[in-house]
S.K.: 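For reference, the structure I am asking about is given below.
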Amino acid sequence: MVDFEHSGSAGRAQPPRQLPVPVQLALSEDAWIDVIQRMDEVYADLVRYQVDLEDKNVALEDAQRFIESVLSAMSDVLLVAGVDGRIQQVNNALLRLLGTTREALIGRRLADLFGSASIDVATGLPLAVRHAAILDCELELVTDAGVAVPIALNCTARLDSDGTLSGVVITGRPLGELRQAYSALRDAHDKLKTAQQQLLQSEKMASLGRLVAGVAHELNNPISFVFANMHSLRRYGTRLQTYLNALHSGADSAALAQARHTLRIDETLADLDPLIDGSLEGAQRVSEIVQNLRRYATPQRQSADAVALGKVVRSSLSWVERGLRRKPRVSLALDDALEVWNYEGHLQQILINLIQNAVDAMDGIDDAHLEISAQADGGGACVCVRDHGPGIAEADLIRIFDPFFTTEEVGKGTGLGLYVSYGLATEQCGGSLQARNHPQGGAEFTLNLPQRVGHV
Ligand SMILES: Nc1ncnc2c1ncn2[C@@H]1O[C@H](COP(=O)(O)OP(=O)(O)OP(=O)(O)O)[C@@H](O)[C@H]1O
Ligand SMILES: [Mg+2]
């Protein structure tokens, strides 16, 4: 670089010392000053140009370094060729892939880098991009060692500042990597599918387990009731047999009257019908549950029927009351004409669970009071079961319908009653079941039913 020496001001500049004598004589002092001033201006301009040039050089070097760092950081290969098809620029990724040097590539024909199957396409690339970019074009590059590497290329035109085509820019990625990524993706997808199937299977097993537990729970009530009745019937049978034996052995009327009184024959006879009715109802209940189980096990469809809700409420209540030593005070507000088209067995099962829970919640309360209403509501019906117990703890409200949630002591409640009831109300009966604490105390469960359930 030329180093210009700035003379500073006109006062410090020295006139040239070797001017020929005749010229020296011809120049006046003013002319000398003028010349010196002009030289000063030229020097000042030169210094400015030099500073500008140095700044631009620095900026150019920065830009160059930036472009080089980007090119060498790229993992995709990059290749720039002119319209004549000669290589102008490449990046490190391409050099690594081909196992060659930059010097060996610059100026070579682009087509020379490709395998025989790709030469024609590669030769036409610099002109083909004139009309449109070429995307995802699969060609084969050949490495220095002669190995063909399939590569997915994108080719775009490089234009001058005036918009004329000056070459082609090619970027690409070896297909091996893509294929590897694709096969890794497929493996991950397969694993995910297997995991999903296992999850589905274990969920099925879990719900089967819950179903079996629910069925066992629901069967337990009627079966123990039938058992108890059968024991009573056997006792009654023995009494009647004893009385008949006394009758046939010719005992006198006083002895017979005494035996009749002692054996409580009249009470026994009066108790026979309710016992048999109760046992029949229990057997009926068991048969319904078995039918439900069969419906779960096989896809056969159960048909809905017209159900008198008042009747179902009364029968459910009597079911629960039979197992109680102390009955609660019950207020019923039932519309006896109210009918819905639904599954009577399911509705009874739900109501028995709700009433049993209400009674359980009021266990030990002196004035246990149960209120049940069944009324028309919108297009359907609404059954409310409200107790005057302690209500449900706020934190428990969101989980009382979860399977196995119970606050009963171990061995008493299974925590399936509400879970099963909720499933029946929503999935089978097409309705909803909600729980809340009544503002005046106690818990209130509301069963909403449509006028007509769709087939399940
Ligand atoms: N009327 C109610 N008042 C207060 N808590 C209730 C009432 N009904 C249900 N719960 C709460 O919800 C829990 C779950 O009830 P759910 O009927 O599902 O099971 P459970 O009654 O405990 O046992 P089971 O499986 O024998 O019915 C109960 O343990 C109780 O804590
Ligand atoms: Mg319960």
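Just so it is clear, the structure is predicted and the values come from calculations on it, not from any experiment. Ligands are counted one by one from 1 in listed order, and the atoms in each one are counted from 1 as well. Residue numbers start at 1 and run along the sequence shown.
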S.K.: Contact residues of ligand 1 with a heavy-atom cut-off of under 4.0 Å?
M.R.: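 Residue list for ligand 1: His217, Asn357, Ala358, Ala361, Asp387, Gly391, Ile392, Ile400, Phe405, Thr406, Thr407, Glu408, Gly413, Thr414, Gly415, Leu416, Gly417, Leu418, Ala443, Phe445.
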S.K.: One thing to verify: whether Asp62 and Arg65 come together as a salt bridge, which I'm taking to mean a side-chain N less than 4.0 angstrom from a carboxylate O.
M.R.: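 A salt bridge links Arg65 with Asp62.
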S.K.: Between Asp112 and Arg86, is the closest basic N to carboxylate O distance under 4.0 Å?
M.R.: no
S.K.: Any side-chain donor paired with an acceptor under 3.5 Å for His388 and Glu371?
M.R.: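 Note: His388 and Glu371 side chains meet the donor-acceptor criterion.
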S.K.: Short check: any N/O/S atom of Asn357 below 2.8 Å from the Mg ion (ligand 2)?
M.R.: yes
S.K.: Gln241: which residues meet the side chain to side chain contact (heavy atoms under 4.5 Å, CB included) condition with it, sequence neighbours left out?
M.R.: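 Side chain to side chain contact (heavy atoms under 4.5 Å, CB included) check on Gln241 returns Asn245.
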S.K.: Cys155 and side chain to side chain contact (heavy atoms under 4.5 Å, CB included): which single residue from Thr171, Val129, Leu79 fits?
M.R.: Val129
S.K.: Going by atom types only, do Glu61 and Asn57 share a side-chain donor-acceptor pair under 3.5 Å?
M.R.: no
